[in-house]
Number of protein chains: 2
Amino acid sequence: MNNDNKITLAGLAKLAGVSTSTVSRALNNNPLIKQETRDSLQALAKQHNFSLNRAASRLRTQKTNVIAVILNLSDSTDQSISDPFLLKVVGDLNQALNQHGYEMLLSNSLMAHEDWTSYFINSSRADGIIVVGQGKSTQKIEDVALSGAPLVVWGDPKVNATYPVIGSDNCLGSYLATRHLIEGGCKRIVFLGDPEHAEMSERYKGYEKALAEFNLDISIDLTVSCDITSKAAYEKMDQVILDHGLFFDGIVAASDMVALGALKALKERYINIPNDVGIVGFDDIVMAELFHPSLTTIQQDTKTAANIMVEQLINQLNGQPAKSVVMDIKLITRKSTKSV
Amino acid sequence: MNNDNKITLAGLAKLAGVSTSTVSRALNNNPLIKQETRDSLQALAKQHNFSLNRAASRLRTQKTNVIAVILNLSDSTDQSISDPFLLKVVGDLNQALNQHGYEMLLSNSLMAHEDWTSYFINSSRADGIIVVGQGKSTQKIEDVALSGAPLVVWGDPKVNATYPVIGSDNCLGSYLATRHLIEGGCKRIVFLGDPEHAEMSERYKGYEKALAEFNLDISIDLTVSCDITSKAAYEKMDQVILDHGLFFDGIVAASDMVALGALKALKERYINIPNDVGIVGFDDIVMAELFHPSLTTIQQDTKTAANIMVEQLINQLNGQPAKSVVMDIKLITRKSTKSV
DNA sequence: TTGAAAGCGGTACCAG
DNA sequence: CTGGTACCGCTTTCAA
């Protein structure tokens, strides 16, 4: 079809009978160049199917216009890569980045790059880093922060961090969830999830706070610890009920996926939801309302969050300071809990 | 902390008292360099936290080691970005690419880059393109193929294409799904989905084939057309039942998300599944077995598919031909259909 | 408003 | 086994 993609800026310049400087400026829409010249050169470029060589311009300008997005997965379970919520965050980030003129280099924490700053930033692969999820260990994130590389993290903004964190008020969300169950009459509420995990531990705190506020008996430990996948949650709940019977009447789940796993275990035993056990999730994934019963959950505004993250990152790229931002959350009441 | 990331290969060379050629070779593990020298130079690099500047080496080698992955979304519904299945494919591709030494530049078809070859390949943003999903229009994909750029597509390999397509035998999958319903006693089976959509139209064919084979009455049209999101499916089924009553006893859904939407509409009317209506999905997303009843569906092996796609792409990068590959599919029988 | 020319930081050919 | 050096293609001062 086309006689190779050999044409360069210099080639175009020769064709047009102008200098490379002029072509470069014209294609970058530099107002120094007369509108007329700009138009005709841009037309010529289209006609010859010419695209600026990014490798070259990146080398010259020391700017890539690329942002590395790192999915921070728990070390063991590469399962969580299937959590629709994290993937939605990635999708929204992709949109937001593009709207701001950046491209997205997707990576994840299992990729074994020792030093993120060195790998992505020093090597000119990207201008900045967005980490999605704080995971169990924040060491690598802190290393990036320490290196001074532009960085923004999706996680819990209340956690005291040396880097800007954008995320929901997980503690509040879980508090609202727990309170909602209590107000619906639940007395023995289980927290299901992994309190070791940064964001989840905040959710655990919210749960504890609500219990305390309503003077529920917390003398026995009602925490059921499990990996944050639906499969792990299902298996754990199944086992717990088998071992101890139905000693609870409410579940605050660390995420929707976890909640759905638990739901399955309960339904297999014909436990009535919400009458025997009420259950609240976290995230409001699309599937939440499709389930039967539909899942009461805490909604997070990932679209807005993604935009804020990109803006905060761009601030840093411009040498301005960036700050953590707490996103509003919302309790979405559905059928998996009794209405008050 | 560190006195900036100023150090370059030339700087390292000076420090080590060797030439830039030697450092370059050493860091690239070129066997020309004595093992001893290699080791010490690599150590020095680590010590100074040095990373090769990719922009520079890409410019010089004319190779980026980046693959652009384009999520091909239907023009209207940016919803489908929330389909867990597509996102799983992306996740698996990310793994596969990394294992082969490539990085992933994620994009989607809504990004409005007119000409993918020009934008990604001619500009040296990436060495090759993987398109996930054929969508409703394959025009842009065909343009890439015509340009001769390295390309692989996730889609339906049976569709006659000028480019290598890796994907499941959608027709067969749907045939198996439909046959399974028929064998369970269903007489009036609806196809729910969008027959305009490339892969879905193959699924439609499999459905038709099974009906014909078993001499089911196909005089009346049992196709319920809807966008391939759970929301669209739910609304459409809700409306259809409202308008026409329960005129069917089986549903072959174009995807799990669609199936789950339909499931909700049926359950809200207390229609018994699988006794009144049997339903089969497609994809086997994680959620499929969590639902109640758990969803009978067609499983696709995305992990293997991702590896094959990357291999086929690399073949092209090496100037070798690439071919389409049909992936095995498997009927997973669960509770949303009667067992035979 | 446009042009000339000096790099950006590696790589790889050609010598030795 | 190692070094010298000419580029890769674009951007951006400086000069005109």
Side-chain angles (χ1 to χ4, degrees), chain A residues 4-42 44-45 48-66 118-127, chain B residues 4-42 44-45 48-66 118-127:
Chain A
D4 277 349
N5 51 345
K6 293 261 181 189
I7 189 153
T8 70
L9 186 145
L12 260 198
K14 206 166 297 169
L15 276 174
V18 296
S19 73
T20 59
S21 330
T22 303
V23 179
S24 173
R25 290 180 181 122
L27 296 184
N28 286 305
N29 248 311
N30 187 322
L32 275 181
I33 302 296
K34 207 194 320 178
Q35 185 69 51
E36 201 179 305
T37 323
R38 250 188 282 169
D39 290 344
S40 76
L41 286 175
Q42 288 178 8
L44 191 68
H48 288 266
N49 205 22
F50 171 78
S51 283
L52 283 171
N53 182 317
R54 284 304 151 187
S57 53
R58 283 171 185 167
L59 173 57
R60 180 61 230 235
T61 60
Q62 307 286 53
K63 228 234 169 213
T64 64
N65 277 289
V66 169
S118 167
Y119 186 78
F120 291 109
I121 308 300
N122 295 353
S123 71
S124 279
R125 282 183 170 85
D127 298 332
Chain B
D4 276 350
N5 51 344
K6 293 260 182 190
I7 189 151
T8 71
L9 186 146
L12 262 196
K14 206 166 296 167
L15 276 174
V18 295
S19 73
T20 58
S21 329
T22 304
V23 180
S24 174
R25 290 179 181 123
L27 296 185
N28 286 302
N29 247 311
N30 187 322
L32 275 179
I33 302 295
K34 206 193 322 180
Q35 186 67 53
E36 201 180 305
T37 323
R38 251 188 283 168
D39 291 344
S40 77
L41 285 176
Q42 288 178 8
L44 192 68
H48 288 267
N49 206 23
F50 170 78
S51 285
L52 285 172
N53 183 317
R54 284 305 151 186
S57 52
R58 283 171 185 167
L59 173 58
R60 181 62 233 231
T61 61
Q62 307 285 54
K63 227 236 169 213
T64 63
N65 278 290
V66 169
S118 167
Y119 186 80
F120 291 110
I121 308 300
N122 295 353
S123 71
S124 278
R125 283 181 168 86
D127 297 333

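Chain identifiers are assigned alphabetically (A, B, ...) following the order of the sequence lines, protein sequences preceding nucleic acid strands; residue numbering begins at 1 within each chain.
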Measuring from the side chain of T22(B) (C-beta onward, heavy atoms only), which nucleotide among dG3(D), dC7(D), dT11(D) has the closest atom? dG3(D)

May I have the distance from F50(B) (atom CZ) to dG9(C) (atom P), rounded to whole angstrom? 10 Å

Taking atom CD of E36(B) as the centre, does the number of heavy atoms from other residues, nucleotides or ligands within less than 6.0 Å exceed 12? no

Here the salt bridge (Lys or Arg N to Asp or Glu O under 4.0 Å) pairs for residues 52-63 of chain B, sequence neighbours left out, are K63(B)-D127(B)

Any N53(A) side-chain nitrogen or oxygen under 4.0 Å from OP1 or OP2 of dC8(D): no

Atom pairs, N/O to N/O, protein against nucleotides 13-16 of chain D, distance under 3.5 Å?
{"residue": "dT13(D)", "atom": "O4", "partner": "R25(A)", "partner atom": "NH2", "Å": "2.8"}

If you measure from NZ on K14(A) to OG on S19(A), what distance do you get to the nearest 0.5 Å? 12.5 Å

Would you mind telling me which of dG10(C), dC1(D), dT11(D) lies closest to the side-chain atoms of K34(B)? dC1(D)

Strictly below 4.0 Å: does T37(B) bring a side-chain N or O up to OP1 or OP2 of dT2(D)? yes

Donor-acceptor pair, N30(A) side chain versus L32(A) backbone, under 3.5 Å? yes

Checking the side chain of S51(A) only, and the main-chain atoms of N122(B) only, is there a donor and an acceptor separated by less than 3.5 Å? no

Quick check on DNA chain D: between S51(A) and P31(B), whose nearest nucleotide comes earlier from the 5' end? P31(B)

Do the side-chain N or O atoms of T20(A) get closer than 4.0 angstrom to the phosphate oxygens (OP1, OP2) of dG3(C)? no

How close or far is atom P of dG9(D) from atom CG of N28(A), stated in whole angstroms? 17 Å

Mind calculating the distance between CG (L41(B)) and P (dT2(D)) to the nearest angstrom? 9 Å

To the nearest Å, how far apart are N65(A) CG and dC10(D) P? 16 Å

Rounded to whole angstrom units, what separation is found between the NZ atom of K63(B) and the P atom of dG9(D)? 17 Å

Test for a donor-acceptor pair under 3.5 Å between the base of dC8(C) and the side chain of R58(A), counting only N and O atoms. no

With sugar-phosphate meaning primed atoms plus P, OP1 and OP2, does V23(B) contact a base, only sugar-phosphate, or nothing at under 4.0 Å between heavy atoms? nothing

S24(B) side chain vs T20(B) backbone, donor-acceptor pair below 3.5 Å: no

Can you tell me which nucleotide in dC10(D), dG10(C), dG9(C) comes closest to the side chain of L59(A)? dG9(C)

Is there side-chain contact between V66(B) and F120(B), with heavy atoms separated by less than 4.5 Å? no

When rounded to the nearest 0.5 Å, the distance separating CD1 of I7(A) from CG of L44(A) is 7.0 Å

Exactly one of L52(B), V23(B), I33(B) should register a side-chain contact (heavy atoms from CB on, under 4.5 Å) with N28(B). Which one does? L52(B)

Bend angle of the helix from dT1(C)-dA16(D) to dG16(C)-dC1(D) from five-pair axes at both ends, rounded to 10°? 30°

Here the distance between atom C1' of dG10(C) and atom CD1 of I7(B), to the nearest Å, is 14 Å

For the pair made of CZ in R60(B) and P in dT11(C), what is the distance, rounded to whole Å? 9 Å

Of all the choices, dT11(D), dG9(C), dG9(D), which nucleotide is nearest to the side chain of L52(A) once you look at every atom? dT11(D)

Nearest-nucleotide pick for Q62(B), side chain only, options being dC8(D), dC10(D), dG3(D): dC8(D)

Distance col, row I121(A):CD1 vs Y119(A):OH, nearest 0.5 angstrom, shows 12.0 Å

If you look at every strand shown and take non-hydrogen atoms under 4.0 Å, does T61(A) touch a base, only sugar-phosphate, or nothing? sugar-phosphate

What is the distance, rounded to the nearest whole Å, between atom CG of L27(B) and atom P of dA12(C)? 13 Å

For dG3(C) and S19(A) - does any side-chain N or O of the residue sit under 4.0 Å from the phosphate oxygens OP1/OP2? yes

d(N29(A) CG, R38(A) CZ) to nearest 0.5 Å is 5.0 Å

Which of these nucleotides, dT5(D), dG9(D), dC1(D), is closest to any side-chain atom of A56(A)? dG9(D)

